[in-house]
Amino acid sequence: MQETKIRRPEFKTPTPGPKARAFIERDHAVTSPSYIKEYPLVVERGEGSWIYDVDGNSYLDFMAGIAVASTGHAHPKVVKAIQDSAAKFLHICGTDFYYETMIGLCEKLSKAVPAMGESKVFLTNSGTEAIEGAIKLARYHTRRSKIIAFKGAFHGRTMGAITLNASKATQKAHFGPLLPDVYHLPYSNPYRCAYSHEKSWCETNCVCANKIEEELFTSQFAPDEVAAIFVEPIQGEGGYIMPALKFLKDLRAVCDKYKIMLVFDEVQSGIGRTGKMFAAETLGVTPDVILTAKGIASGMPIGAIIAKTSVMTWGRGSHGSTYGGNPVCCAAALATISIIEEKMPEIRSVGEFMMTELKKLQKKHSSIGDLRGVALMIGCEFIKKDGSPATEYVSKLEQLAFTKGLLLLSCGKSTIRFAPPLIITEDEVKVGLEILDQCLSELGPA
Ligand SMILES: Cc1ncc(COP(=O)(O)O)c(C=O)c1O
């Protein structure tokens, strides 16, 4: 029997190679200095879980362009859907006219979380626009102004979204005045409790972040002034943090009690990443509104506000968008969702495999602290000997892994987010984790 050759990263030049260096020089001369650019990867093309740079080097992708390339790079079915749609028409404006792909996508998304019951959908161009729209919807529907968000949250880069953010001060610095009436509370983090509670206490009784009634409603303002609670059911940028389940259930209970809208920002956790279409289902807590973007169309710019019909009450003309729900993006989203639906059992099993293998590495390398997550949304925290976050170590790890052909991306203070394309195979996970193992051995303890 012929053995199939396991594919590994291949290098034709050291990284970055001469062509990459030339592009980077051109880029630095003309692009906004606000861009981050994690490491000198200059992409020429992608295929499945693999990326090729302009010098012909290949890399295994464990970050999917920040959890976006859900069906892998250039999935043939998604590319075909885009080509077919583009050949028909590029634009007509879904706010004003009708077309089948937009209707089909909204039908699909409105039924994505059956527990939400009858739902309606507004299509955006991005995650941050979904946040902005949901802030407007919450205020419109409730006729209330205040919004509660959480420390460590990331919701995007527009004015409303940055007001809700509380993960990095640079995202807000010098952009004020921001939106009024936004309040932040600690997020539930069983591993690093904001109130320094013992881990075991938190896991069983965690109300660390559900201080809403105590901290806000008794001393600062009345609950009937609050329009919405915006929360990531699993925090992304803040460190791939799985909250205690009780935290999300408590939020649901507070919202029910005071008729506050519960909005799940699933821009990062949605579209199969947690092994179900949305984390709301994985975690068994049903919000009033789900926001999605990123992985929904494999990289084409589209997002969505999915809201219970009972809360999507804004009237004709109160919200709209020229490009939101562009026909080509809708076609890409429909193709993406059907691929992900088919792959769902594998997403769960490959995710379990990845977690099991990471736990083995955790035993071997003292630099690995907490491991958390579900399916292919896994956070691996790196710590110093005293248990504090190993921030610089994680930057070194990202750079070293890149030179060995593994694309990683950090989040939070010292966490690597494992958010590969959802079509990644066990063999590819094995190859990536072998490279990670080598890197950690080379770096030694943090
Ligand atoms: C949870 C979450 N919400 C919102 C956003 C913003 O999405 P976009 O960059 O598409 O505006 C992001 C982006 O990283 C995100 O992770």
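Note that ligands are numbered from 1 as they come in the structure, with each ligand's atoms numbered from 1 the same way.
- Using a 4.5 Å heavy-atom threshold, the side chains of V263 and D288 count as separate.
- Considering only non-hydrogen protein atoms, atom 10 (O) of ligand 1 sits nearest to G127 N, 2.8 Å.
- Less than 4.0 angstrom separates some heavy atom of D265 from each of these atoms of ligand 1: 1 (C), 2 (C), 3 (N), 4 (C).
- In this structure, the separation between CG on L109 and CD1 on I306 is 4.5 Å, given to the nearest 0.5 Å.
- In terms of protein heavy-atom proximity, atom 4 (C) of ligand 1 is nearest to H155 O, 3.1 Å.
- The contact set between ligand 1 and T128, taken as ligand atoms under 4.0 Å from a residue heavy atom, comprises 6 (C), 7 (O), 8 (P), 11 (O).
- Residue R157 does not touch ligand 1, judged by heavy-atom distances below 4.0 Å.
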Could you please spell out the steps behind the salt bridge (charged side-chain N to carboxylate O under 4.0 Å, His left out) verdict for E100 and K88?
CA-CA 12 Å; E100 190 180 354; K88 286 184 188 158; over 6 Å; no

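- Here the CG-OG1 distance, from L361 to T356, works out to 11.5 Å after rounding to the nearest 0.5 Å.
- Open room surrounds CD on E392; 12 or fewer heavy atoms of other groups in view lie less than 6.0 Å from it.
- Near Q268, meaning under 4.0 Å from any of its heavy atoms, are these atoms of ligand 1: 16 (O).
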